[in-house]
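Heads up: the structure comes next, in structure tokens.
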There are 2 protein chains.
Amino acid sequence: MITNETVELDVAANILKVLGDKTRLAMVKIVSENECCVCEFVDLFDMSQPAVSQHLRKLRDSGIVKERRKGQWIYYSLNPSYPYHSFVLQIIKNLPSQHYRIEELEAQGKRVTCCDE
Amino acid sequence: MITNETVELDVAANILKVLGDKTRLAMVKIVSENECCVCEFVDLFDMSQPAVSQHLRKLRDSGIVKERRKGQWIYYSLNPSYPYHSFVLQIIKNLPSQHYRIEELEAQGKRVTCCDE
DNA sequence: TGAATATATAATAATATACTTATACAATGA
DNA sequence: TCATTGTATAAGTATATTATTATATATTCA
């Protein structure tokens with residue numbers, strides 16, 4: 001749901017800066033559709049694990065996404081308690097779904113098993 | 001008016017990167033409400049003329065804003081023919097109005113006279 | 001407890017960004 | 001035509017960003 005609250009200029013600029021990177025924008029769209037863990041991003045983006053971690057840290061530090069540890073894995077998802085969550089949703093809603101990427105991972109057997117809990 | 005067209009990920013990331021700067025985001029919000037020329041931005045942001053010009057160039061090169069020469073002055077405004085115009089509108093619609101800034105300029109007599117044409 | 005796996009962090013290097021100063025270009029008006 | 005004003009561009013510099021490599025931390029399991 002999209003509300004009509006105004007977002008201060010500098011807050012908005014910071015959010016847009018964090019989202020203004022192709023990798024991070026894709027990450028945000030992906031976690032808005034599927035909870036996802038670090039090693040899956042490594043596969044999805046064909047990128048080193050530290051590089052992925054550092055992008056995720058920016059997203060986490062800003063508050064846009066949150067993490068949830070499950071055993072050895074840390075799952076990332078959109079953070080609905082983020083004060084500017086609806087602003088983020090509004091931005092990503094017109095991005096093409098990235099669900100097909102998750103399906104490709106599954107087809108390759110690379111999706112982390114998380115069917116418990 | 002906001003349409004529901006999807007915006008490719010890398011296109012969106014580039015737009016967000018351009019808007020992910022406080023000065024440029026303010027510029028875009030301002031020109032969405034008032035056509036504005038370079039020297040006015042210099043006053044508004046208390047910033048050097050070349051710095052302003054370089055920000056405007058990024059906005060112009062991306063297609064987000066357009067320019068119109070009027071005598072010695074060059075006026076900037078949102079570019080409604082930009083293919084992703086509605087995406088930009090959607091982003092800036094929740095930013096606080098910057099019209100008061102223009103009114104302050106007017107009160108100080110610093111608004112460029114553009115009452116002709 | 002120790003090895004294996006998942007993730008985070010630190011240090012570093014390459015590149016990008018956003019200013020500054022100096023200068024060029026364009027339009028106006030005496 | 002020349003001085004003035006508004007704007008753009010070029011060159012240089014300081015800082016920020018994003019990757020890499022190396023290492024640390026955390027969890028699981030034998």
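Note that this is a predicted model, so its numbers are computed, not measured. Convention: sequence-line order gives letters A, B, ...; per-chain numbering from 1.
- To the nearest angstrom, P of C:dA6 lies 11 Å from OH of A:Tyr75.
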Next item on the list: Begin with the C-alpha distance, continue with both residues' side-chain angles, and end with the deciding distance and a verdict on side chain to side chain contact (heavy atoms under 4.5 Å, CB included) for A:Val112 and A:Leu105.
Entry: CA-CA 9 Å; A:Val112 168; A:Leu105 270 193; over 6 Å; no

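- Taking side-chain N and O atoms only, B:Tyr76 has a distance below 4.0 Å to OP1 or OP2 of D:dA8.
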Notebook entry, point to check: What one-letter contact string describes nucleotides 14-23 of chain D from 5' to 3', where B marks a base within less than 4.0 Å of any protein heavy atom, S marks contact via sugar-phosphate atoms alone, and - marks no contact?
Noted result: ---SSBBBB-

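- Qualifying ring-ring contact (aromatic ring centres under 6.0 Å, His included) partners for A:Tyr82, counting only residues two or more places apart in sequence or in other chains: A:Tyr84.
- Distance B:Leu19 CG to C:dT17 P: 14 Å, rounded to the nearest Å.
- Classification of B:Glu104 and B:Lys110 as a salt-bridged pair fails, no side-chain N sitting under 4.0 Å from a carboxylate O.
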Note to self: Working note: B:Arg24 + B:Leu19, criterion side chain to side chain contact (heavy atoms under 4.5 Å, CB included); need CA distance, chi angles, decisive distance, verdict.
What the structure shows: CA-CA 6 Å; B:Arg24 286 193 295 269; B:Leu19 298 181; 5.8 Å; no

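- Straight-line distance from the CD1 atom of B:Ile74 to the P atom of D:dT5: 18 Å, rounded to whole Å.
- Side chains of A:Ile102 and A:Tyr100 form no contact here, defined as non-hydrogen atoms less than 4.5 Å apart.
- No option in B:Gln98, B:Lys29, B:His99 other than B:His99 meets the side-chain hydrogen bond (donor to acceptor under 3.5 Å, both in side chains) test with B:Asn34.
- The bend of the helix from C:dT1-D:dA30 to C:dA30-D:dT1, defined by the angle between the axes of its first five and last five pairs, stands at 10° to the nearest 10°.
- Separating the CH2 atom of B:Trp73 from the C1' atom of D:dT7 is a distance of 12 Å, rounded to the nearest angstrom.
- Atom CE in B:Met27 sits about 12 Å away from atom P in D:dT7, given to the nearest Å.
- Residue A:Arg69 has no polar side-chain atom (N or O) positioned under 4.0 Å from OP1 or OP2 of C:dT7.
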Next item on the list: Take A:Arg111 and A:Glu40, measure what salt bridge (charged side-chain N to carboxylate O under 4.0 Å, His left out) needs, and give me the verdict at the end.
Entry: CA-CA 7 Å; A:Arg111 183 89 165 126; A:Glu40 291 171 330; 3.1 Å; yes

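- Between the side chain of B:Asn79 and the backbone N or O of B:Lys66, no donor-acceptor pair lies under 3.5 Å.
- Contacts of B:Phe41 with the nucleic acid, taken as non-hydrogen atoms under 4.0 Å apart, are absent.
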